[in-house]
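Some notes on the structure that comes next.
We count ligands from 1, going down the list as the structure has it; atoms in each ligand are counted the same way.
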Amino acid sequence: MLRITSIEEYHSEYKKSIDNPEQFWAEKAEQFYWQKKWDEVLRWNFDEPKIEWFVGGKLNITENCLDRHLPTRANQIAYYWEPNNPNEKAIELTYQQLYEQVCKFSNVLKNNDAKKGDRICIYMPMIPELTIAVLACARIGAIHSVVFGGFSATSLSGRIQDCDCNIVITSDGGYRGAKDIPMKQVVDEALELCPSVKKVVVVERTKTPITMLEGRDIFWSNEMQNASVNCPAEIMDAEDFLFILYTSGSTGKPKGVVHTCGGYMVYTHYSFQNVFQYNEGEVYWCTADIGWITGHSYIVYAPLLAGATSVIFEGVPTYPNAGRFWEIIDKYNVNIFYTAPTAIRALEAAGVDFVKPYKLNSLRILGSVGEPINEEAWNWYNEHIGKYNCPIVDTWWQTETGGILISPLAGITKTKPCFATLPLPGIQPVLVDEKGNEIKGNGVEGNLCVKFPWPSIIRTTYGDNERCKQNYFATYPNLYFTGDGCKRDDDGYYRITGRVDDVMNISGHRIGTAEVESAINMHIDIVESAVVGYQHDIKGQGIYAYVICVNKQKDVEMLRKEILAEVTKTIGAIAKPDKIQIVSGLPKTRSGKIMRRILRKVAEGELHNLGDISTLLDPSVVEEIKLGVIK
Ligand code: PRX
């Protein structure tokens, strides 16, 4: 059985998945098209780590996303594409058209020397060509590394270098709200440091003037003209790499999370079917950017695997006004809508007058992802968008998990505001204390781990399996550690409380404090900085930076502007601190460790209960910091 239809069935499926995981997942995998069936369902150890699903199986995920549907769905819409500007023409792509475009672009890649195993970087706005590029990589067996279009040239070049990409696919520019983003220019700057890149394919989206480097840069449209629509899919091993997606951790540079072909396909599809309870013919819309995992799993792969019809939106929720999401829902009669708490809060703040003109009566299910959803936002979503009629699925997962792990099944699991509720079948969450002892029973709180692999679990971090081990499998032996804190209430429902490491969640974007600090430290006048997250009404968390400046004469406003520019240049505008406080020292222990706990409290405005500060080298810095705190 693929789709669960009642809570009793959920419990019995869950039990089966724990009693015999291999049989459970083999059944789910059976329905796909495999060029060769697997020899063994699962081989794993969390120690190295080495995790293999559907060992020996051969497949190509795009045959399952596209070719398999053609006999029955050739003329069904795969994607409605809605442009940033509501007055520009929208585009529809049927499964047949998408298939043909993907095959053609696969041939373009091959004509430009791309082959199985190559790493191809995709740096694009939310246009149909982005999906086509992703699928074309998968079709020829190249490993895609999509980099979110908001990252800077420095970030982009770091990601290209880390996995040695030989091709970059981009566009001249991109539209986001009232802004034009000069994407090709960013690529040009990034590539000054990336000798591995031999070809750059450019889609013309904004028609802004760009420089094309002869021999390296080619236009998408020219290349597509003569490309054949015939492109047999490369035969992939179930454990061949499908993609790399960079994400921030608590230390060092962003790491390349690797997902593989077989397990990722099986799990993303299974979770999509069950969480969203997608019915044939429905219209589904996930508002994420394809540059993040939500877009990979629940805009590109899972909906296509399910033969669904989806909306892809190029723009932002507030352009040309805060009614845009609701207008799009009515325009396409969206049945299932999946967005982030930060967007809900921003639209709530804009006021219900932006919602009132729209019917929203096509909506059946609402989803939330990316950060804890606060009760007020949950209630607003439920009342004004769902009209008390649509179950809200608060889906908890991560780049590393590939798919949703803890979530209500829409209309089946009784929901509770702020709770991701119950694990999906196959997922065995455990809460542990600091020492790694399992905290059993209900009404408890601890660090969230998972004790058994599921098919789309992270396989490695690109080029560095030891780092993967240290990050996820070393904190607690034999457990995958999520980095999240979590409560389990008396009903056994899970509530994610947020990160317990030095990772911030800014508007649903994951940013490491260390990354922002090292960007700030690039400023010539800054000797040291410490960055923490603090509660922010719209973004969930905001970034608070404490900086030590050597130049005492420096104009403070000027310094702030320069720091923001430095962070934008090194990471991207999403990582700009909201508050910058200049301090003469940081609270450090005698061994030189910054006590972030204190900085976090001060940033939250909690100036009194700072806890024990007796171990500080110089407790007087705390007094100074408290006096200068930015409200
Ligand atoms: O802290 C959790 C938070 O987002 C982190 C994962 O971020 P990322 O890899 O960028 O993936 C985001 C989209 C899946 C988690 O460690 N998070 C994600 N979803 C939720 C959440 N926190 C609370 N509730 C959620 N539903």
Please give the N or O to N or O pairs under 3.5 Å between ligand 1 and the protein, distances rounded to 0.1 Å.
| unit_1 | atom_1 | unit_2 | atom_2 | d |
| --- | --- | --- | --- | --- |
| ligand 1 | 1 (O) | D484 | OD1 | 2.7 |
| ligand 1 | 1 (O) | D484 | OD2 | 3.3 |
| ligand 1 | 4 (O) | G370 | O | 3.2 |
| ligand 1 | 4 (O) | N505 | ND2 | 3.4 |
| ligand 1 | 9 (O) | T399 | N | 2.8 |
| ligand 1 | 9 (O) | T399 | OG1 | 2.5 |
| ligand 1 | 9 (O) | R510 | NH1 | 2.7 |
| ligand 1 | 16 (O) | Q398 | NE2 | 2.9 |
| ligand 1 | 16 (O) | D484 | OD1 | 3.3 |
| ligand 1 | 16 (O) | D484 | OD2 | 2.7 |
| ligand 1 | 16 (O) | R499 | NH1 | 2.8 |
| ligand 1 | 17 (N) | G370 | O | 3.4 |
| ligand 1 | 19 (N) | G370 | N | 3.2 |
| ligand 1 | 22 (N) | P372 | N | 3.4 |
| ligand 1 | 24 (N) | E371 | O | 3.3 |
| ligand 1 | 26 (N) | D394 | OD1 | 2.8 |
| ligand 1 | 26 (N) | T395 | O | 2.8 |

query: Mind checking whether H259 and Y264 have parallel, tilted or perpendicular rings, split at 30° and 60°?
result: tilted
message: Does the Lys NZ or Arg CZ of K469 fall within the cation-pi geometry relative to Y472 - under 6.0 Å from the ring centre and within 45° of the axis?
response: no
query: Taking the inter-plane angle between the rings of F243 and H144 on a 0 to 90° scale, is it parallel (under 30°), tilted (30 to 60°) or perpendicular (over 60°)?
result: parallel
message: Whether D491 and K416 form a salt bridge (side-chain N of Lys/Arg under 4.0 Å from carboxylate O of Asp/Glu) is what I want to check.
response: yes
message: Taking ring pair (Phe, Tyr, Trp, His ring centres under 6.0 Å) as the criterion, tell me which of F337, F276, Y79 meets it with Y284.
response: F276
field: Test side-chain hydrogen bond (donor to acceptor under 3.5 Å, both in side chains) applied to R3 and Y278, step by step
entry: CA-CA 9 Å; R3 205 170 114 180; Y278 181 82; over 6 Å; no
